[in-house]
Number of protein chains: 2
Amino acid sequence: MRVTRQRSAILEFLRSKRHHYSATQIYDAVREKIPNISLGTVYRNLASLLEDGEIISVETSDKCVYYDGFISGHSHFVCQCCKEIYDFPLESTTSEPEKAGFTVSNQRVVYYGVCKMCNQSK
Amino acid sequence: MRVTRQRSAILEFLRSKRHHYSATQIYDAVREKIPNISLGTVYRNLASLLEDGEIISVETSDKCVYYDGFISGHSHFVCQCCKEIYDFPLESTTSEPEKAGFTVSNQRVVYYGVCKMCNQSK
DNA sequence: ATGATAATAGTAATCATTACTATTAAGCCA
DNA sequence: TGGCTTAATAGTAATGATTACTATTATCAT
């Protein structure tokens, strides 16, 4: 595995932002530093960074995958009333798959409901 | 919202199997009953069944979405090695959002990792 | 049964992702 | 430092899931 300017720029970008980005968004951002970087290069590096556990990915109901340079786990709460998205820490109990002998490398937890603010205003 | 043969057949198929199917797999299965059903019809109905909460979906690192007619609370485990999707019970602790005074009406939990079988074969 | 119109079939378009290939540039070694 | 090996890249084409479009069909309230 070689450290290329392209790979470094992609990882650096993801680590500099606390947000999720699609491959195309990453492509557009990195192009400001490396104007002729190829979209295929972005995809290839994202795949290998994922495999190395340097970044994580989030699949949504959108048809594209989002990538995140912040590895520390957190869950999301989506308020069905005000549509706000909140972050919460992940609970730290041993998960059911782990109890069954599976190796869990990543998990995604999304809660749907009504947030405190919306609850109070009713 | 009208109850059509197509919509019923899709829902019936998903409820008859305790497994997860992609839109194309559902299309192939339902075509045995309704040979000239359109793939677009499958997608449209899956989207509305999802919105109504009659089915649930699982996003994987594959580029297609999987649908599930078994909606009682359970979590999913996606094996990154063999791509199989396993069901697990949901843990019953009080969730972090509930501790914070939020009302949780639904939650989706997906674990990613390597299943027991793949772990053993290495 | 009839009429309004939501849903469908069939097809074309979109768009994220992957595959392919000639060219470039990391990284090792003298 | 310069040359060599070859992994990685740029650019482009192909793939495949999903969505859009439109004339036609079939549901269902009256």
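Each chain gets a letter, A, B and so on, in the order the sequences are listed, and its residues count up from 1. Because only heavy atoms are used, hydrogens play no part in the values below, and waters and symmetry mates are left out as well, while side chains stay in.
- For Ser38(A), taking side-chain heavy atoms from C-beta onward, the closest of the listed nucleotides dG11(D), dC28(D), dA7(D) is dG11(D).
- At the heavy-atom level, Leu39(B) lies under 4.0 Å from base atoms of the strands shown.
- Taken together through direct or relayed side-chain contacts under 4.5 Å among Ile, Leu, Val, Met, Phe, Trp and Tyr, Ile56(B) and Val110(B) form parts of separate hydrophobic clusters.
- Just one of Lys17(B), Arg18(B), Arg15(B), His74(B) meets the side chain to side chain donor-acceptor pair (under 3.5 Å) condition when paired with Asp68(B); it is His74(B).
- Of the side-chain N and O atoms in Thr24(A), none sit less than 4.0 angstrom from OP1 or OP2 of dC15(C).
- Residue Ala47(B) is the one, among Ala47(B) and Met1(B), whose nearest nucleotide of DNA chain D lies closer to the 5' end (criterion: closest heavy atom).
- Between Thr4(B) and the phosphate of dT8(C), there is a side-chain N or O to OP1/OP2 separation shorter than 4.0 Å.
- Nucleotide dA7(C) holds its C1' atom 13 Å from the CZ atom of Arg5(B), rounded to whole Å.
- Remark: P of dA7(C) and CD1 of Ile34(B) are 15 Å apart, rounded to the nearest angstrom.
- For dT8(C), its base never sits under 3.5 Å from the side chain of Arg44(B) at any donor and acceptor pair.
- Between Pro35(A) and Ser22(B), the residue anchored nearer the 5' end of DNA chain D, judged by the nucleotide with its closest heavy atom, is Pro35(A).
- Remark: His19(A) NE2 is loosely packed, at most 12 non-hydrogen atoms of other residues, nucleotides or ligands lying under 6.0 Å away.
- Rounded to whole angstrom, the span from the NZ atom of Lys33(B) across to the C1' atom of dA9(C) amounts to 20 Å.
- You'll find that the side chain of Cys64(B) is closest to dT18(D), out of dA7(C), dT18(D), dG11(D).
- Here Thr41(A) reaches the OP1 or OP2 of dA10(D): one of its side-chain N or O atoms lies under 4.0 Å away.
- Taking atom CG of residue Leu50(A) and atom P of nucleotide dT17(C), one finds them 11 Å apart after rounding to whole Å.
- Following rounding to the nearest Å, Tyr27(B) (OH) and dG16(D) (C1') show an atom-to-atom distance of 15 Å.
- Residue Arg2(A) places its side chain closer to dG27(C) than to any other of dG27(C), dT17(C), dA9(C).
- Considering only the side chain of Tyr43(A), dT17(C) comes nearest among dA6(C), dT17(C), dA9(C).
- The CD-C1' distance, from Gln25(A) to dC15(C), rounds to 14 Å in whole Å.
- Heavy-atom neighbours of Lys99(B) NZ from other residues, nucleotides or ligands within 6.0 Å: above the threshold of 12.
- A centroid separation of less than 6.0 Å is found between the aromatic rings of Phe13(B) and Tyr21(B).
- Distance, Leu46(B) CG to dA17(D) P: 14 Å, rounded to whole Å.
- The phosphate of dA9(C) (OP1 or OP2) has a side-chain N or O of Gln6(B) nearer than 4.0 angstrom.
- With rounding to whole Å, Ile37(A) atom CD1 is found 14 Å from dT24(C) atom C1'.
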